[in-house]
Amino acid sequence: MTIKRYGIDGGTGTGGQHLPFSRAVEAGGWLYISGQTPMKDGEVVEGGIIEQSRLAIQNCLDIMQEAGYGLEDVVHVKVILTDARYFQSFNKVFREFFAAHPPARICAVADLVVDCKVEVDITCYNAARTAR
């Protein structure tokens, strides 16, 4: 089994800092995506929980697509919200993406190290990719 790392050569965080971890790691048909926040080009995109949730999930999906995985491959999602009152709004966005292939999920409330409302990470599995 080989391990493939995506985005090890230059992820950028707030303030232009180099991020010391992979955007995703693939091993044995599994793809583990690092937590994604509503960032573009190293900066948090302003907006409410709806806009920030869409972008955090989309950032995960973009990494999945780069690695050759699809929505049908998502088995588990971890969500961190900064306020429990965001739960229903986040669920609305979550359904937009995952209604056809609902994964297992955990959702917690905690402070984030980035000044945003939500962070999402996704775990995927595709048996056809186990020999890679």
Side-chain angles (χ1 to χ4, degrees):
M1 175 178 68
T2 60
I3 296 174
K4 183 173 182 178
R5 299 172 199 289
Y6 295 87
I8 60 172
D9 57 325
T12 304
T14 56
Q17 70 175 325
H18 175 73
L19 299 175
F21 52 85
S22 300
R23 286 182 300 140
V25 175
E26 180 180 21
W30 292 92
L31 180 70
Y32 300 91
I33 298 173
S34 293
Q36 298 296 304
T37 57
M39 294 180 79
K40 280 198 182 269
D41 303 319
E43 296 300 325
V44 173
V45 174
E46 295 299 321
I49 186 61
I50 298 285
E51 295 81 13
Q52 287 200 359
S53 297
R54 281 189 184 120
L55 183 54
I57 293 170
Q58 188 60 55
N59 286 343
C60 289
L61 299 183
D62 291 346
I63 295 167
M64 287 168 46
Q65 182 179 16
E66 174 187 348
Y69 288 76
L71 284 171
E72 67 280 3
D73 299 318
V74 176
V75 294
H76 193 262
V77 177
K78 294 180 203 95
V79 180
I80 302 171
L81 302 172
T82 58
D83 190 319
R85 293 174 291 186
Y86 298 152
F87 186 70
Q88 288 183 348
S89 295
F90 180 84
N91 279 340
K92 177 181 174 187
V93 174
F94 191 84
R95 266 191 293 282
E96 291 173 10
F97 287 93
F98 296 106
H101 304 284
R105 187 183 93 182
I106 186 171
C107 187
V109 175
D111 291 333
L112 295 172
V113 297
V114 175
D115 187 19
C116 63
K117 296 169 176 50
V118 61
E119 183 169 347
V120 176
D121 89 24
I122 291 179
T123 302
C124 300
Y125 179 74
N126 184 316
R129 299 176 66 89
T130 57
R132 298 179 105 204

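Side-chain atoms are counted along with the backbone in the values below, which use heavy atoms only and exclude waters and symmetry mates.
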Inset, instruction - Not counting sequence neighbours, which residues clear salt bridge (Lys or Arg N to Asp or Glu O under 4.0 Å) with D111? List them please. - result: none
Inset, instruction - Answer with yes or no whether the hydrophobic clustering places F97 together with I50; edges join I, L, V, M, F, W, Y residues whose side-chain heavy atoms lie under 4.5 Å apart. - result: yes
Legend entry - salt bridge (charged side-chain N to carboxylate O under 4.0 Å, His left out) partners of residues 64-76, not counting sequence neighbours, each pair once: R23-E66
Inset, instruction - Answer yes or no: is there a side-chain heavy-atom contact under 4.5 Å between V93 and Y86? - result: no
Inset, instruction - Taking all heavy atoms of M64 and all of L31, pick out the closest pair and write down the distance. - result: CA-CD2, 4.1 Å
Legend entry - side chain to side chain contact (heavy atoms under 4.5 Å, CB included) between V79 and R105, worked out: CA-CA 8 Å; V79 180; R105 187 183 93 182; 4.0 Å; yes
Legend entry - Heavy-atom closest contact (C60 atom, D121 atom, distance): SG-CA, 4.4 Å
Legend entry - Residues that, via side-chain heavy atoms closer than 4.5 angstrom, fall in one hydrophobic cluster with V75: W30, Y32, Y125
Legend entry - Considering all heavy atoms, the nearest C124-I122 contact: SG-CG2, 3.8 Å
Legend entry - Output field: ring centroids F94/F98 closer than 6.0 Å: yes
Inset, instruction - Would you check if the side chain of Q36 reaches a backbone N or O of S34 as a donor-acceptor pair within less than 3.5 Å? - result: yes
Inset, instruction - Search all heavy atoms of I63 against all heavy atoms of I33 and return the closest pair with its distance. - result: CD1-CG2, 4.0 Å
Legend entry - Shortest non-hydrogen separation from A27 to I3 and the atoms involved: CB-CG1, 4.0 Å
Legend entry - Residue pairs fulfilling salt bridge (charged side-chain N to carboxylate O under 4.0 Å, His left out) with at least one residue in residues 51-64, sequence neighbours excluded: R54-E96
Legend entry - Any residue meeting salt bridge (Lys or Arg N to Asp or Glu O under 4.0 Å) with K92, in chain and number order, not counting sequence neighbours: none
Legend entry - Flag for Y69-E26: side-chain donor and acceptor within less than 3.5 Å: yes
Inset, instruction - Look at the side-chain heavy atoms of Ile, Leu, Val, Met, Phe, Trp and Tyr, link any pair under 4.5 Å apart, and say whether I80 and M39 land in one connected group. - result: no
Legend entry - Contact summary for P102 and A100, nearest pair of heavy atoms: CD-C, 3.6 Å
Inset, instruction - State whether the side chain of N59 and the backbone N or O of T37 hold a donor-acceptor pair below 3.5 Å, judged by distance alone. - result: yes
Inset, instruction - Decide whether I49 and F87 are clustered together by the hydrophobic rule: side chain heavy atoms of Ile, Leu, Val, Met, Phe, Trp, Tyr closer than 4.5 Å, transitively. - result: yes
Legend entry - Co-members of V45 in a cluster of I, L, V, M, F, W and Y side chains, linked at under 4.5 Å: L55
Inset, instruction - Check the hydrophobic clustering (I, L, V, M, F, W, Y; side-chain heavy atoms under 4.5 Å; chains of links allowed) and say if V77 and L112 are grouped together. - result: no
Legend entry - From CD (Q65) to CD (Q58), nearest 0.5 Å: 8.5 Å
